[in-house]
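Structure first, then comments.
Just so we're on the same page: letters track the sequence lines, and every chain starts at 1. The structure displayed is predicted, hence computed values, not measured ones.
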Protein chains: 2
Amino acid sequence: MRIGELSERTGTPRRLLRYYEEQGLILPDRCANGYRAYDERLVDRVLQIRGLLDAGLPTRIIKQILPCLDKPRRIHFSDATPEMITTLKDERDRMTRRIDCLTRNRDAIAEYLDAVLDNHTTS
Amino acid sequence: MRIGELSERTGTPRRLLRYYEEQGLILPDRCANGYRAYDERLVDRVLQIRGLLDAGLPTRIIKQILPCLDKPRRIHFSDATPEMITTLKDERDRMTRRIDCLTRNRDAIAEYLDAVLDNHTTS
DNA sequence: TGCGTCCCTCACATGGATGTGAAGGCGAGG
DNA sequence: CCTCGCCTTCACATCCATGTGAGGGACGCA
């Protein structure tokens with residue numbers, strides 16, 4: 001598919017699809033006329049990228065962890081340099097901390113909402 | 001305590017403590033000489049702010065949800081305008097999506113790490 | 001008194017993700 | 001053939017969190 005369709009199906013501005021490519025996150029083919037040609041699977045990948053960006057990860061890190069997440073759980077041991085392992089462990093722990101923080105605060109918001117809404121209906 | 005101590009205890013540059021104040025996230029007292037005076041409780045609050053910022057929330061949103069998270073779970077119904085309720089629900093759901101995305105990807109990283117490390121020790 | 005360390009405000013700079021628009025090529029339909 | 005919509009690249013602009021430094025006041029200690 002071309003950039004317009006991918007943009008619509010992922011709700012992502014074309015500008016950003018080109019930006020993600022520039023950052024090495026996606027690597028579309030090119031048609032003879034120079035148009036970018038995106039594989040069907042890139043829909044999910046773009047959504048994944050957007051989710052991670054929204055969760056605070058920079059493209060630099062996303063680029064590093066994406067290859068480890070490929071669907072056919074085929075381990076690329078060539079990528080598994082010691083520094084890479086360290087990076088992955090660090091990111092895993094950072095993500096865990098983020099999850100904990102978000103969960104705590106989301107639950108507090110939910111609790112507040114429950115209290116407020118409950119009060120509203122019973123008063 | 002003064003800004004230096006808070007900075008050390010939270011690992012936060014002074015510059016950012018002033019920035020958070022400018023954004024209305026914290027409201028320190030002032031000593032006679034103009035120095036900022038931070039309450040003990042602000043240590044936790046600053047850490048909470050940093051966690052939320054790191055998780056991708058903008059200060060604008062953090063400012064809105066912070067008051068609902070105060071320790072003495074005393075509901076401020078005055079804040080509970082309809083738009084506020086809507087905002088909170090939206091943020092709660094956004095946070096849930098973030099948590100899901102982070103959890104999925106963190107688990108995938110952990111799985112990859114397990115596989116790689118296991119392979120390393122057994123080969 | 002002077003020096004060192006903390007604090008203040010103000011302001012400009014940077015980096016990353018994103019917006020916006022110009023200038024132009026390709027291809028389908030009237 | 002012309003026009004319209006989609007594509008290309010390039011480049012400058014914006015927002016936000018953060019860095020950095022100048023210029024100066026407050027306080028404590030030798």
Side-chain angles (χ1 to χ4, degrees), chain A residues 1-39 42-43 45-66 87 91 94 97-98 101-102 105, chain B residues 1-39 42-43 45-66 91 94 97-98 101-102:
Chain A
M1 88 195 70
R2 287 176 305 175
I3 201 171
E5 184 182 345
L6 184 60
S7 171
E8 272 190 16
R9 288 177 59 184
T10 61
T12 306
R14 294 159 171 73
R15 170 73 174 87
L16 290 186
L17 294 174
R18 302 199 182 98
Y19 175 67
Y20 300 154
E21 176 181 350
E22 187 183 300
Q23 300 304 306
L25 303 184
I26 50 183
L27 190 51
D29 295 340
R30 294 288 182 146
C31 300
N33 57 14
Y35 291 7
R36 271 163 260 254
Y38 296 92
D39 186 283
L42 289 183
V43 173
R45 165 151 296 208
V46 167
L47 292 174
Q48 187 179 28
I49 291 170
R50 301 224 94 205
L52 291 172
L53 275 173
D54 181 64
L57 279 79
T59 54
R60 197 188 92 252
I61 297 298
I62 297 177
K63 178 188 167 88
Q64 289 195 285
I65 68 177
L66 271 184
T87 301
E91 278 320 304
R94 268 178 82 80
R97 283 196 298 277
R98 267 186 258 247
C101 175
L102 282 171
N105 286 284
Chain B
M1 88 195 71
R2 287 177 305 177
I3 201 171
E5 184 182 345
L6 183 60
S7 170
E8 272 191 15
R9 289 177 60 184
T10 61
T12 307
R14 293 156 225 272
R15 169 73 174 88
L16 291 186
L17 295 175
R18 301 195 183 101
Y19 175 67
Y20 300 154
E21 176 181 351
E22 187 183 300
Q23 300 302 307
L25 303 184
I26 50 183
L27 191 52
D29 295 339
R30 292 289 182 145
C31 301
N33 57 14
Y35 289 8
R36 271 163 261 253
Y38 296 92
D39 186 283
L42 289 183
V43 173
R45 165 152 295 207
V46 167
L47 292 174
Q48 186 180 29
I49 291 170
R50 301 224 95 204
L52 290 171
L53 276 173
D54 182 65
L57 280 79
T59 53
R60 197 189 90 253
I61 297 297
I62 297 177
K63 178 188 168 89
Q64 290 194 284
I65 68 178
L66 271 184
E91 276 321 303
R94 266 178 85 80
R97 284 196 298 276
R98 266 187 259 248
C101 176
L102 282 171

Is there a side-chain contact between N33(B) and the phosphate of dG25(D), meaning an N or O under 4.0 Å from OP1 or OP2? no
Measuring from atom CD1 of I3(B) to atom CG of L16(B), what distance do you get when rounded to the nearest 0.5 angstrom? 9.5 Å
What are the bounds, 5' to 3', of the part of DNA chain C that sits under 4.0 Å from heavy atoms of chain A? dG16(C) to dG27(C)
Using only modelled atom types and a 3.5 angstrom limit, is any donor from either the side chain of R18(A) or the base of dT9(D) paired with an acceptor on the other? no
To the nearest Å, how far apart are Y19(A) OH and dA11(D) P? 17 Å
Considering only side-chain heavy atoms of L16(B), which listed nucleotide, dC16(D), dG19(D), dC6(D), is closest? dG19(D)
When rounded to the nearest 0.5 angstrom, what distance separates CZ in R15(A) from CZ in R18(A)? 8.5 Å
Minimum side-chain heavy-atom gap Q64(B)-E91(B) below 4.5 Å: no
Bend angle of the helix from dT1(C)-dA30(D) to dG30(C)-dC1(D), end axes from five pairs each (to 10°): 10°
Just verifying a value: how many Å separate L6(A) CG and L42(A) CG, rounded to the nearest 0.5 Å? 7.0 Å
Which part of the nucleic acid, if any, lies within contact of R30(B), taking any heavy atom under 4.0 Å across all strands shown: a base, the sugar-phosphate backbone alone, or nothing? sugar-phosphate
Below 4.0 angstrom from OP1 or OP2 of dT20(D), is there any side-chain N or O of R15(B)? no
Can you see which heavy atom on S7(B) is nearest to which on R14(B), and at what distance? OG-N, 3.9 Å
What's the CG-P distance between L17(B) and dT18(D), to the nearest Å? 11 Å
Rounded to whole Å, the CD1-P distance (I49(B) to dC16(D)) equals 17 Å
Of R2(B) and R60(B), whose closest DNA chain D nucleotide lies nearer the 5' terminus? R60(B)
Reference residue R36(B); test salt bridge (charged side-chain N to carboxylate O under 4.0 Å, His left out); the match among E21(B), E22(B), E5(B): E21(B)
Got L57(A) and R94(A) here, is their nearest side-chain heavy-atom distance under 4.5 Å? no
Quick one: is T59(B) getting a side-chain N or O under 4.0 Å of the dA17(D) phosphate, OP1 or OP2? yes
Side chain to side chain, R45(B) and I26(B), heavy atoms closer than 4.5 Å: yes
Without decimals, in angstroms, what is the distance between Q23(B) CD and dC16(D) P? 8 Å
Toward the 5' end of DNA chain D, which comes first, Y35(B) or L53(B), by nearest nucleotide? L53(B)
Would you tell me if any nitrogen or oxygen in the side chain of R14(A) comes within less than 4.0 Å of OP1 or OP2 on dC7(D)? yes
When Y19(A) is tested against each of L25(A), T59(A), T12(A) for side chain to side chain contact (heavy atoms under 4.5 Å, CB included), which residue passes? T59(A)
